**Student:** 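Okay, here's the structure, questions in a sec.
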There are 4 protein chains.
Amino acid sequence: MFDLFGKKFSRRKLLTTTGLGVVAASAIGLDPELVAAQTQTSKGGELPPQIKFSPDESPTTEVSSGGPPTALPPAKRLGFAIVGLGRLSLEEIMPAFGMCKLAKPTALVSGDAKKANQVAQQYGINPKNIYNYQNYDNIRNNPDVDVIYIVLPNSMHLEYTVRGAKAGKHILCEKPMAISVAECQQMIDACKKADKKLMIAYRCQYDPYHRAAIRMLRSKELGKVKVIQADNGQNQSNDISQWRLKKALSGGGSLPDVGIYCLNATRYLTGEEPIEISAQTFSTPGDPRFKEVEESVTFQMRFPSGVLALCSTSYGYHQSRRFRIFGSDAWTQLDPAFAYNGLRMTMSRLSPSNNMAEDVTDIKMTEKSQFALEMDHMADCVIHNKQPHTPGEEGLQDQKLMATIYEAAKTGRTIKLPAVSGLDVTRGPAPVTLR
Amino acid sequence: MFDLFGKKFSRRKLLTTTGLGVVAASAIGLDPELVAAQTQTSKGGELPPQIKFSPDESPTTEVSSGGPPTALPPAKRLGFAIVGLGRLSLEEIMPAFGMCKLAKPTALVSGDAKKANQVAQQYGINPKNIYNYQNYDNIRNNPDVDVIYIVLPNSMHLEYTVRGAKAGKHILCEKPMAISVAECQQMIDACKKADKKLMIAYRCQYDPYHRAAIRMLRSKELGKVKVIQADNGQNQSNDISQWRLKKALSGGGSLPDVGIYCLNATRYLTGEEPIEISAQTFSTPGDPRFKEVEESVTFQMRFPSGVLALCSTSYGYHQSRRFRIFGSDAWTQLDPAFAYNGLRMTMSRLSPSNNMAEDVTDIKMTEKSQFALEMDHMADCVIHNKQPHTPGEEGLQDQKLMATIYEAAKTGRTIKLPAVSGLDVTRGPAPVTLR
Amino acid sequence: MFDLFGKKFSRRKLLTTTGLGVVAASAIGLDPELVAAQTQTSKGGELPPQIKFSPDESPTTEVSSGGPPTALPPAKRLGFAIVGLGRLSLEEIMPAFGMCKLAKPTALVSGDAKKANQVAQQYGINPKNIYNYQNYDNIRNNPDVDVIYIVLPNSMHLEYTVRGAKAGKHILCEKPMAISVAECQQMIDACKKADKKLMIAYRCQYDPYHRAAIRMLRSKELGKVKVIQADNGQNQSNDISQWRLKKALSGGGSLPDVGIYCLNATRYLTGEEPIEISAQTFSTPGDPRFKEVEESVTFQMRFPSGVLALCSTSYGYHQSRRFRIFGSDAWTQLDPAFAYNGLRMTMSRLSPSNNMAEDVTDIKMTEKSQFALEMDHMADCVIHNKQPHTPGEEGLQDQKLMATIYEAAKTGRTIKLPAVSGLDVTRGPAPVTLR
Amino acid sequence: MFDLFGKKFSRRKLLTTTGLGVVAASAIGLDPELVAAQTQTSKGGELPPQIKFSPDESPTTEVSSGGPPTALPPAKRLGFAIVGLGRLSLEEIMPAFGMCKLAKPTALVSGDAKKANQVAQQYGINPKNIYNYQNYDNIRNNPDVDVIYIVLPNSMHLEYTVRGAKAGKHILCEKPMAISVAECQQMIDACKKADKKLMIAYRCQYDPYHRAAIRMLRSKELGKVKVIQADNGQNQSNDISQWRLKKALSGGGSLPDVGIYCLNATRYLTGEEPIEISAQTFSTPGDPRFKEVEESVTFQMRFPSGVLALCSTSYGYHQSRRFRIFGSDAWTQLDPAFAYNGLRMTMSRLSPSNNMAEDVTDIKMTEKSQFALEMDHMADCVIHNKQPHTPGEEGLQDQKLMATIYEAAKTGRTIKLPAVSGLDVTRGPAPVTLR
């Protein structure tokens, strides 16, 4: 049993309940002899129990490591095909498999065969599992692939999700989900029709710090929350050939690319959906980067519980990736919050023992790879036939809200939205924490 | 010559140029023999030259203290009458005179004679210089008083400014200037008619950290500024008898009391005036504190240079008093920014020597008393017949903008304002830095 | 009643119990009419009760200001003569009187009449109260002076203490107390013979952060303390004419000037006296600053409870002024600790609610002027006939230990000292906290 | 070409120059078809060129990621046998292989077959590659194993190094190298005789932050260094059965286990060897943990350049793992420094643009796995036939110095050591930085 944030997690629950049936063993990571021995073995299954040690250090005063990690044997891990070998895939996602417990990379899809071969070789991926955009549909016949992770320009998410689902694979798709609400709906429909899972890669929702922030807010540890403030932006490169600056490929500028983190955070922190939105945009006149897409967006939301959210995003300011939750009794912040690593959580409140002092506390946990956590969650959902925590509906809702933000900015009016009752209505069960 | 933020300051400039004429010596701080010797001496005059030492520590590697402070002798300092002996006066303003160089407390105005007497005794104020709200106008005849500092509930600022100006005294008035635009204009008119100076007590505009932030922004040290984000709020007491919760006395809730710091900061940082405003308000239903005044306000502004500002204020969240300036090359923040003390300035940018590292730098200066700096500035303006850096026009402009914020919140529409050309159009010359 | 660190403090205790008798009024800060009215009034006496307000902000979630300060009226404060008008006097001590509640500056002693006159004028000190080193003894006849504060080169502390005590005044002397153990003893004897108080100006022992650290250690909040580590040093100026580099004037280099803070801190934190000392020194060959005095000293001490202390001091490293207390359950540090301002307290321990996280907490209190606190303590001791918290015996003990440190460094041997039982045996009662 | 800290690194240098000959392919991570295809391929070889992208973000203002990592294909990586499956192996070392670029786990040696099997399965290690302490010598015949990593109680390091070298494998051994100087020499001799490399696992010497600190010190960026202060300790568990508390197994208490990090840091930071040592020890009387081994050690060293070092270590204080380098112009610190992760580097100096301000800068880099860096370095040394940066001689020197520390503590005398000329005399070439 393991319990980090109030969720009890029994390792025994990780039984194969998916009815995937016996598949040919994924060979990656397997000794040839092992392959022979394990061909009858399906993927997934039960995680081994954690190996226990008595603590080296005093458990009452020293930070616990949590004990040795457990993981599925390589042969039992679910195989992921990475579609698109751009910077994010090569710098973050491929290396993150090294920290995965349930997932492994087994196929690549790229328009650049030379690059794909080099990457395959580096990560021990079978060259026969390399696809291009033409023969991508053939992935249907590849038992090494359980999940397709789409890491393409935003405008291509729809096509590769639909083709992937039709090929009988589960889909993990980068954010933003697509470039229009209609596309998002088509993606959901396609996966539903194919009876395949669809998850949007909202990596922060799987990060321990973000989950701790959610818990703090929901448990009233901060008192009643009044305001949330979030910023995410960076000074985008002057290379105007990049797809992010072409509206047809990106669907927009800073908002769908990085501002979406602020929008999403206000929603997962509160669990609520906004009922009012207003917004402003600005692009520096004459800046060649912003001929098609916007530079900066600021937007404001009102949530049913009364929380007011203030967000900013930009392609024109130096990297700033933070949020603060303003509660009646305390505030807590992550700064940075939306970076890949180096997250820092700080909480401020009256000193418990001295009403003339303020405590400003850094809460330091061991950092985890967000991409590994996210991919393992997808694998866990497939293995146990669970709805992903961030399914297509989560991505669709952000797409709707971004459209509303643009509309509000354009009209200068506050746009009201129907109230949604219940919390986390666009989300599946919270991710389990694997050690 | 002294130069902290690019302003050269010659101590020789502090000549008495006010034509105050010979006044009876203010006796506070004077030995009886000295009083006899100095009766011919007017107040104000030249600051003594700074006494010089060779540095104890290496001037190339160790922080300089700036050398010994200079100050006017007590007998030459301008006398201040404090009107209203509430918490701010007794906890912050009266003690701050101990750190003043040009100002001293010489009179008190209060409805509570017993309290006034105790305070007068504690600070060595002549009991004959105690006034009440009825005989306040008699202050006209008191040569010990040069400046009246109004620290009353907001609704009383108008009356006590007008009566004070009519009594021939210069006026320093707490923020917010008043409870309506019309009142602000009346205050300006009254002081103009009386040929007396009017300054609004925007203490942050005199603080070294805020002045450094202004310099950073204006000098392009952060690159081109895109967004400013500011929050100021606190969890207000449940004592519903306090005047701050009565609209007739306060003119509003968190916005005029603490939110004004955010509004003012966006203006003095950029030097610009907003051309668009939108806003939202929220008060927790059933909270007895917010029957008359609002709990929280969030507001957004667009400035002519393209800067977007996002602000929040609240009487319902735990103390949060910060701003961040988001530039294209760096960000800088004060957190806290609007507290009386404990300010912390941080700047973040690419490491100059390593493009794979980020520098996040705390810039640590010696803290100064904001109230002392502000009161000394007022004294300096009187002595040298200068326009205060934060005159009535500065307070009036905030009052206009707060009215616009309320209007925007009410209508849910972005309100456009005429563009104002030039920088710092509502401000007098920057304050000189006294050591 | 007031209680910050567990000491209950009744303001009513501040009755005049010194039998000072009726003295001629100190005129500083007095209106001529007041002088007439108050000539019958003795100094000292009862502090007025604090004026009370109901809190503006929620007392359960917001930091309290502590309410308005109380203070003796200027006429009742004790008069201090400052002996020596060097950098410390002019940059720190004279300005600190502006924050005092019980003390005021009434006389100056200097070899530079012009400088003394300028300072006197700036601070409203009667020119007749200016002395030079020849006529210093005449201070005996000056009722304006109750306490003499000696701020001279170390080698002059003895003479001016003895002459001051013979002149019938209480003595507050800067650290280090003198340049030899024998001198310290003579100073104690002289004051005892004159029945006058002798206090050494260990400003840190009066600082709220240091007092909080003492409380944390003594209350076992950190568990059992094992190690204390302290550093204090700065890169001294290349001006080789400064007295600090002349052994005959200073008695030594970095150790007695700044290293003494580390030594003293280990003693007041634990309340114990060391039983073993070892040490090392180093001076950069050829550095002209270190012809007579040492550059760096590192020293180690063992205390009876088992605590090991490691200290460093230097005139050759960039300013570093910190300590950390290593307890079994937590550590707490001040960094900076020994600076005049900008102190920062941090504590680290296991997160109370999450055994996989570490809390690193900044504990933020409002800063106080250490010199004002120290001078007010001296005044309080005179008014109430109390032993100072840091009497001559405290300075003598540091002098003995510094001699031992030099001996240990010279011999390369650990020197054992007799165990002293009891805590704080060289100290008077803890200072009361005035608001 | 890649250059982080002044070392130019050409990827083309990673040619197979070891003459390892053709070995049977290690099968881990290999598709069965690939195995067939690659059986002729030796391990090691050239790293592929880095795949290049134009930057997404402004290279002049935003932190660079460094681009996609390169790595040897799994089949070409060197195989490591992990000897000892205790907490360190399972919690840190095995998971770190997921971040390696040149190394992979191929064998396990344990006395607990069940545990070994579980670990093998989790990490995809061929069960035939599991050894126990009896049949360990059979590893000689196993071409899957290139390097043996010894993670056993200290007293077993000698035996398993000697047996491993005799079995023809290169040795990576955990710190401390052994429990006596004589043992260390035997280990060096054994590896030399077998013509195998011997590296001691000083993980910090491979960490980017530690390497940056070395560069700062060596490049005079801090001015001339005067003092180094280092602490490393933790509150050890009350489980008195742990081998660390048995002197025969551990060789000592906190000093060889955690204090060694401080000792080693002072040496690699300066590159020098101490010429004087003094020390103190303390163990809480009656604490059952410290019947055989010491609780705390404080020690001091003098280096030829004049640097004085002050260190503390303890099994009895709350985790504290830091160092500070005190230079004449600046200080820099890591706090924590010796933790597995969460390192934080801070530098303090005069503000470049304002001589009245101090800059305290956090220098934030992306964290790397220290164990992965260390193992990759070992692999790199084998592939390219280079001396490890931390060879047996580095471990031997620490062992000698620890013996001297114990001797100094016992005698209470400063022990002088012969001066060693040259820098880094016990180290091989600095590690290359792989991206």
Side-chain angles (χ1 to χ4, degrees), chain A residues 27-35 48 51 53-59 61-63 65 67-75 85-87 90-91 94-95 97-100 115 118-119 121-128 234-239 241-242 244 318-319 340-342 364 366-367, chain D residues 27-35 48 51 53-59 61-63 65-75 85-87 90-91 94-95 97-100 115 118-119 121-124 126-128 234-239 241-242 244 318-319 340-342 364 366-367:
Chain A
I28 178 62
L30 285 190
D31 183 283
E33 295 189 23
L34 287 175
V35 172
I51 294 170
F53 295 98
S54 60
D56 281 354
E57 300 169 21
S58 168
T61 64
E62 302 283 313
V63 170
S65 66
T70 55
L72 283 180
L85 298 181
R87 178 181 289 277
L90 298 199
E91 293 190 3
M94 291 302 300
F97 280 110
M99 288 153 277
C100 278
K115 177 160 69 169
Q118 179 175 337
V119 174
Q121 194 170 30
Q122 177 168 332
Y123 290 96
I125 293 171
N126 194 328
K128 77 171 188 204
Q234 65 212 18
N235 191 349
Q236 201 73 1
S237 161
N238 280 318
D239 173 9
S241 71
Q242 58 185 312
R244 284 185 168 81
H318 179 65
Q319 59 185 21
Y340 296 140
N341 45 55
K364 299 171 75 174
T366 301
E367 193 155 275
Chain D
I28 178 62
L30 286 189
D31 183 283
E33 293 188 21
L34 286 176
V35 172
I51 295 169
F53 295 97
S54 60
D56 281 352
E57 301 169 20
S58 168
T61 63
E62 302 283 312
V63 170
S65 65
T70 54
L72 285 180
L85 298 181
R87 178 181 289 276
L90 298 199
E91 293 190 3
M94 293 302 301
F97 280 109
M99 287 153 278
C100 279
K115 177 160 67 171
Q118 179 175 339
V119 174
Q121 193 170 31
Q122 177 168 334
Y123 288 96
N126 193 329
K128 78 173 187 204
Q234 64 212 21
N235 192 350
Q236 200 71 3
S237 160
N238 281 318
D239 172 10
S241 70
Q242 58 184 313
R244 284 185 169 80
H318 179 64
Q319 59 184 21
Y340 296 139
N341 45 56
K364 300 171 74 173
T366 300
E367 193 155 275

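Keep in mind that this is a model prediction, so the values were computed, not measured. Lettering of chains follows the sequences in order, A, B, ..., and the numbering in each one begins at 1.
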**Student:** Could you check whether any side-chain heavy atom of Pro68(D) comes within less than 4.5 Å of a side-chain heavy atom of Met94(A), counting everything from C-beta outward?
**Tutor:** no
**Student:** Could you tell me which of Gly98(D), Ser65(D), Pro95(D), Ser58(D) has the largest number of non-hydrogen atom pairs under 4.5 Å with chain A?
**Tutor:** Ser58(D)
**Student:** Between Ser237(A) and Pro55(D) (side chain of the first, backbone of the second, donor and acceptor by atom type, cut-off under 3.5 Å), is there such a pair?
**Tutor:** yes
**Student:** Looking only at heavy atoms, what is the nearest atom pair of Phe53(A) and Leu90(D), with distance?
**Tutor:** CZ-CD1, 3.9 Å
**Student:** What part of Gln236(A) gets closer than 4.5 Å to chain D, counting heavy atoms only: side chain, backbone, both or neither?
**Tutor:** both
**Student:** Partners of Gln118(A) by side-chain contact (heavy atoms from CB on, under 4.5 Å), sequence neighbours excluded?
**Tutor:** Pro48(D), Pro49(D), Ile51(D)
**Student:** With sequence neighbours excluded, tell me which residues meet side chain to side chain donor-acceptor pair (under 3.5 Å) with Ser54(D).
**Tutor:** Asp239(A)
**Student:** Return yes if some donor-acceptor pair links the side-chain N/O of Gln319(A) with the main-chain N/O of Glu62(D) below 3.5 Å, else return no.
**Tutor:** no
**Student:** Where do Pro74(A) and Gln122(D) come nearest, in terms of heavy atoms and distance?
**Tutor:** CD-O, 3.4 Å
**Student:** Between Val119(D), Val63(D), Asn238(D), which shows the greatest number of heavy-atom pairs under 4.5 Å with chain A?
**Tutor:** Val63(D)
**Student:** Go through Gly67(D), Ser241(D), Gly342(D), Cys100(D) and name the one with the most non-hydrogen pairs under 4.5 angstrom from chain A.
**Tutor:** Gly67(D)
**Student:** Which heavy atom of Tyr123(A) sits nearest to which heavy atom of Pro69(D), and what is that distance?
**Tutor:** OH-CG, 4.1 Å
**Student:** Name the region of Asp56(A), side chain, backbone, both or neither, that has any atom closer than 4.5 Å to a heavy atom of chain D.
**Tutor:** both
**Student:** Starting at CD of Gln234(A), measure out to CD of Glu57(D) and round the result to the nearest 0.5 Å.
**Tutor:** 3.5 Å
